Amino acid sequence: MEKRIRTYNIIVAIAIFIGLPILFWALGDFPRRSSLKETISVVTILAFCMMIAQFYLARSNKNTLKAHKMSKVVKYHKFIGYTFVTILFVHPFLIVLPRYFEAGVDPIDAFTCIITSFNSTGVILGMIAWCLMVVIGITSLLRNHIGMTYKTWRIFHGILSIAFLIIAAWHVIDLGRHINSSMRIYIIALAGLGVLLLLKTYLFKSSKPSGETK
Ligand code: HEM
Ligand code: HEM
């Protein structure tokens, strides 16, 4: 029975965090570009969805994850964290990568132009989200060397993640070229619920975070 629930949970999670965004991308009425550009877009969108999924792969979602061993859930959380933070770390460079294969604006010039677009709210939000994400990655990697107890680190990590997700979601909705109303509702609903789930564990004593899971 437990095994069936675990399998069911995994199928539902894959459908929500991978299937749905791919479906929105495939069915959306967006101008199609080269396969390289579309692949980069889909990878970036999926990496962002994995950031949302992180909120559901933690103790804050333990009611749904009852059939799973928490140590295993955290193992997946760490793997997804390091993998997709790395992908999103290079996202600003990936945007200009296809320009190496096209005539026209030099990729380095295009990159400089993007990161100096200080009049674009979307770009500024992206840069803030990127910095928060780097801090999340580094403080996860160096968790045992930054002199915080596990509990303090987890709350620090959770609060940084909330700030990151809100700003990143705003960036994606503002700048994403594959954003339509379905995608917008999807992002706001899943990110909002994930954040509320975590805030509930912080604000209500009965479900406060406890104990260490390595
Ligand atoms: C980069 C590598 C990452 C590592 C090694 C890591 C590790 C962890 C660990 C060990 C926990 C505690 C799990 C638990 O007991 O519930 C945790 C919780 C959490 N993580 Fe991560 N994480 C990473 C990235 C991320 C990212 C990118 C996000 C979101 C954008 C995120 C969001 C969260 C949230 C919301 C919690 C729950 C915090 C709490 O229970 O107070 N993590 N993470
Ligand atoms: C230095 C930081 C960043 C810059 C300069 C930046 C810039 C951009 C730009 C210019 C676009 C539009 C791309 C296009 O028109 O093809 C975009 C889209 C996007 N960005 Fe960022 N970004 C940054 C950080 C981030 C971060 C940290 C995340 C995720 C957490 C993120 C997720 C996305 C996503 C999902 C899209 C939509 C892709 C699509 O619809 O094709 N970005 N970003």
Side-chain angles (χ1 to χ4, degrees), residues 14-55 57 76-142 160-161 163-188 190-191:
I14 292 175
I16 292 179
F17 294 105
I18 300 176
L20 275 181
I22 292 182
L23 200 70
F24 293 144
W25 167 80
L27 299 182
D29 185 21
F30 311 111
R32 300 294 169 192
R33 300 162 304 149
S34 70
S35 354
L36 177 63
K37 285 181 180 167
E38 288 299 303
T39 307
I40 291 173
S41 272
V42 172
V43 169
T44 313
I45 292 167
L46 288 180
F48 168 67
C49 293
M50 288 299 138
M51 297 288 108
I52 304 181
Q54 289 290 74
F55 280 73
L57 276 176
Y76 286 126
H77 179 102
K78 288 179 179 176
F79 175 76
I80 290 175
Y82 288 129
T83 308
F84 292 96
V85 162
T86 307
I87 292 177
L88 288 166
F89 182 84
V90 294
H91 147 68
F93 314 104
L94 286 181
I95 297 172
V96 297
L97 181 79
R99 294 199 182 266
Y100 279 103
F101 311 102
E102 295 171 344
V105 184
D106 179 69
I108 313 258
D109 290 346
F111 180 74
T112 314
C113 176
I114 292 175
I115 58 157
T116 53
S117 302
F118 300 117
N119 54 349
S120 157
T121 314
V123 170
I124 303 278
L125 289 167
M127 290 199 251
I128 299 172
W130 189 88
C131 293
L132 287 170
M133 188 185 72
V134 171
V135 175
I136 292 175
I138 292 175
T139 51
S140 298
L141 205 60
L142 303 178
L160 268 183
S161 302
F164 161 74
L165 192 66
I166 293 173
I167 295 171
W170 190 354
H171 161 75
V172 175
I173 289 174
D174 191 59
L175 274 192
R177 56 171 74 231
H178 297 97
I179 296 295
N180 53 17
S181 46
S182 321
M183 197 70 167
R184 206 172 293 121
I185 293 169
Y186 168 86
I187 292 174
I188 294 172
L190 280 186

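Small disclaimer: the values here were computed from a predicted structure and weren't measured.
To the nearest 0.5 Å, atoms CZ (F93) and CD1 (I114) are separated by 10.5 Å. Note: W170 CH2 to I124 CD1 = 11.5 Å, rounded to the nearest 0.5 Å. Here CD1 of I166 is found 12.5 Å from CD1 of I128. Values are rounded to the nearest 0.5 Å. Interatomic distance, L190 CG to L165 CG, rounded to the nearest 0.5 Å: 10.0 Å. In this structure, L20 CG and M183 CE are separated by 9.5 Å, a value rounded to the nearest 0.5 Å. Atom CG of L88 is separated from atom OG1 of T86 by 9.0 Å, given to the nearest 0.5 angstrom.
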Residues I95, H91; criterion side chain to side chain contact (heavy atoms under 4.5 Å, CB included); working and verdict: CA-CA 6 Å; I95 297 172; H91 147 68; 3.5 Å; yes
Evaluation steps, side chain to side chain contact (heavy atoms under 4.5 Å, CB included), between F48 and I187: CA-CA 10 Å; F48 168 67; I187 292 174; 3.9 Å; yes
Pair V172-T44, side chain to side chain contact (heavy atoms under 4.5 Å, CB included): steps then yes or no: CA-CA 10 Å; V172 175; T44 313; over 6 Å; no
Working for side chain to side chain contact (heavy atoms under 4.5 Å, CB included), residues S117 and N119: CA-CA 5 Å; S117 302; N119 54 349; 4.1 Å; yes
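For F111, the CZ atom counts as densely surrounded, since its 6.0 Å shell holds more than 12 non-hydrogen atoms of other residues, nucleotides or ligands. F79 CZ: 12 or fewer foreign heavy atoms inside a 6.0 Å radius. Atom CZ of F89 has 12 or fewer neighbouring heavy atoms from other residues, nucleotides or ligands inside a 6.0 Å radius.
Contact check for L125 versus L175: no side-chain heavy atoms found under the 4.5 Å cut-off. Side chains of V96 and D109 form no contact here, defined as non-hydrogen atoms less than 4.5 Å apart. The shortest side-chain heavy-atom distance between P98 and R33 does not fall under the 4.5 Å cut-off. Counting heavy atoms from C-beta outward, F30 and E38 have side chains that stay 4.5 Å or more apart. Y100 is listed as a side-chain neighbour of L97, based on a closest heavy-atom distance under 4.5 Å. The shortest side-chain heavy-atom distance between I18 and C49 does not fall under the 4.5 Å cut-off.
Judged purely by atom type and a 3.5 angstrom limit, H178 has no side-chain atom pairing as donor or acceptor with the backbone of W25.
Heavy atoms only, all atoms of each residue included: G176 and I179 are closest at O-CG1, 3.6 Å. The minimum heavy-atom distance linking A129 with F164 is given by the pair O-CD1, 3.3 Å. Nearest heavy atom pair, residue A47 against residue I87, reads CB-CG2, 4.1 Å. Minimum heavy-atom separation, I40 to L94: CD1-O, 3.5 Å. What you find for I16 and P21 is that their closest heavy atoms are O-CD, 3.4 Å. Across T112 and T116, no two heavy atoms sit closer than the pair O-OG1, 2.6 Å.
Not counting sequence neighbours, R184 has no partner by the salt bridge (charged side-chain N to carboxylate O under 4.0 Å, His left out) test.
Checked options Q54, M133, M50; the residue passing with F84 is M50 (criterion: side-chain contact (heavy atoms from CB on, under 4.5 Å)).
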